[in-house]
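All values derive from a computational prediction rather than experimental measurement.
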Amino acid sequence: MPTTLKITPPLEGVLCITLNRPEALNALNTQLLGELADTLNSADSDDNVRAVVITGSAKAFAAGADINEMAERDLVGMLEDPRQHHWATITRFRKPIIAAVNGYALGGGCELAMHADIIIAGESALFGQPEINLGIMPGAGGTQRLLRAVGKSLATQMVLTGEPISARRALEAGLISEITQPELTLERATAIATRIAAKAPLAVRLARESLHKAMDTDLATGLRFERHAFTLLAGTADREEGIRAFQEKRPATFQGH
C-alpha cells in the first residue's frame with residue numbers, strides 16, 4: 001500500500017489520488033513518484049478506471065522536488081536517477097488525468113500538473129518553475145510543456161526568473177482551464193472526470209491521443225492521425241450504441257468495445 005498517497009477506489013469510473021506528504025508540502029521525492037507511477041500503471045489496465053483525478057492539499061498541490069534528496073546526488077547519481085523512469089511511466093498513462101490544484105504547484109509540482117490533460121485550480125493556486133534559484137533548471141518537462149502551454153515569452157520569463165504566476169494569470173495564458181473557490185476545486189475536477197468517464201472509452205482514448213499528437217507534430221501529420229483514429233472508431237460497438245441511443249433519445253451506455 002502506498003504511504004505517500006491517499007487513494008480513493010474508483011467511483012463512477014474515476015480514481016482519485018491525493019499526494020500525501022504534508023510535512024514536506026507534498027514535495028515529489030523518489031518514493032512518492034514511484035508510488036504514483038505504480039498506481040497509474042495499475043490503473044492503466046483496470047477497466048473500472050476511466051479517468052483519474054490527482055490532487056494535493058489546500059496549501060500545496062506539490063511544492064517541487066525534494067531538495068534534500070536531490071542534494072545527495074552528484075552527476076552520476078542524477079544520470080542514474082530512478083525518478084526519470086517514474087516520470088516516463090506517468091507520461092505513458094493512456095487515460096485522462098484531471099489535476100485539482102490548490103496552493104503551490106512549483107517545480108516538479110507544476111510539471112506534474114502539466115502532465116494532466118485538464119487543470120482545475122483554486123483561486124489561491126500558484127504555478128512556477130523556480131529551479132533557477134537553486135542554480136539548476138526544470139528537468140521533468142517544465143521547459144517543454146510550459147512553452148507549449150503559455151507561449152515563448154511567458155514561459156521564458158517564468159523559467160529564467162523563477163517567479164510564479166497566479167491562477168488568474170495561468171487561466172489567461174492557457175495553462176489551466178478553470179478557476180474555482182479553493183474548497184470546490186476537487187469537487188469540480190471530479191465532476192469533469194466523471195463526465196469523461198461516462199463517454200465511450202475507446203473514443204476518449206483516441207481523441208486524447210489525437211490531441212497529444214497535435215502538440216508534437218505538424219498539422220498535416222496530425223490531421224492524418226485524426227482521420228485514421230476517426231475511421232477506426234467506425235468498427236466499435238460503442239459507436240453503434242452511441243448512434244442508436246441518439247436516435248432513440250436515451251442515454252448511451254458505453255462498454256469500451
Leu33 vs Trp87 side-chain heavy atoms within contact, under 4.5 Å: yes
Reported CG-to-OG1 distance for the pair Leu11 and Thr194, which is rounded to 0.5 angstrom: 7.0 Å
Cluster check Met114, Val53: I/L/V/M/F/W/Y, side chain < 4.5 angstrom: no
Backbone N/O of Lys6 and side chain of Asn20: donor-acceptor pair under 3.5 Å: no
Any pair counted as salt bridge (Lys or Arg N to Asp or Glu O under 4.0 Å), so long as it reaches residues 87-97, sequence neighbours left out: Asp44-Arg94
Over all atoms of both residues, closest heavy-atom pair of Val49 and Pro10: CG2-CG, 3.6 Å
Hydrophobic cluster membership, Phe61 vs Ile118, 4.5 Å side-chain cutoff: no
Check: Ser42 main-chain N/O paired with Ser45 side-chain donor or acceptor under 3.5 Å: yes
Pairs touching residues 197-207 that satisfy salt bridge (Lys or Arg N to Asp or Glu O under 4.0 Å), sequence neighbours left out: Arg205-Glu209
Phe254 versus Ala198, closest heavy-atom pair with distance: CD1-O, 3.4 Å
Would you mind writing out the side-chain donor-acceptor pairs for residues 132-144 within the sub-3.5 Å range, not counting sequence neighbours?
unit_1: Asn133; atom_1: ND2; unit_2: Pro130; atom_2: O; d: 3.4

Rounded distance [0.5 Å steps], CD in Glu248 versus CD in Glu241: 8.0 Å
Summary of salt bridge (Lys or Arg N to Asp or Glu O under 4.0 Å) pairs that have at least one residue in residues 167-186, sequence neighbours excluded: Glu178-Arg188
Single-linkage hydrophobic cluster, 4.5 Å side-chain cutoff, Leu126 and Leu28 together: no
Point-to-point distance, once rounded to the nearest 0.5 Å, from OG1 of Thr190 to CG of Leu15: 10.5 Å
Which atom of Thr253 lies closest to which atom of Gln255, heavy atoms considered: CG2-NE2, 3.3 Å
Gap between atom OG1 of Thr185 and atom CD1 of Ile119 - 0.5 Å precision: 12.5 Å
Asp47, CG atom: more than 12 neighbouring heavy atoms under 6.0 Å: no
Shortest non-hydrogen separation from Ala105 to Cys110 and the atoms involved: O-CB, 3.2 Å
Side chain to side chain, Val101 and Ile120, heavy atoms closer than 4.5 Å: no
Side-chain heavy-atom pair Ile17, Leu36 within 4.5 angstrom cut-off: yes
Close side-chain approach of Ile196 to Ile98, heavy-atom, < 4.5 Å: yes
pair Leu202-Leu232: side-chain heavy atoms closer than 4.5 Å: no
Heavy-atom pair with the smallest gap, counting every atom of Ala155 and Leu147: CB-CA, 3.6 Å
Spacing of CD belonging to Gln157 relative to CD1 belonging to Ile165, to within rounding of 0.5 Å: 9.5 Å
Full working for side-chain contact (heavy atoms from CB on, under 4.5 Å) between Val52 and Phe93: CA-CA 10 Å; Val52 171; Phe93 186 64; 3.7 Å; yes
Same apolar cluster (I L V M F W Y, side chains within < 4.5 Å links), Ile179/Val150: yes
Taking every non-hydrogen atom, the tightest pair across Ala100 and Leu186: CB-CA, 4.0 Å
Side chain to side chain donor-acceptor pair (under 3.5 Å) partners of residues 222-239, not counting sequence neighbours, each pair once: Thr221-Arg224
Stepwise side-chain contact (heavy atoms from CB on, under 4.5 Å) test for Leu19 and Thr55: CA-CA 6 Å; Leu19 310 182; Thr55 192; over 6 Å; no
Point-to-point distance, once rounded to the nearest 0.5 Å, from CD1 of Ile54 to CG of Leu112: 5.0 Å
Leu154-Met215 co-clustered via ILVMFWY side chain contacts under 4.5 Å: no
Pairs meeting criterion salt bridge (Lys or Arg N to Asp or Glu O under 4.0 Å) with involvement of residues 23-36, two or more places apart: Arg21-Glu23
Ser57 side chain reached by Asn102 side chain, heavy atoms, under 4.5 Å: no
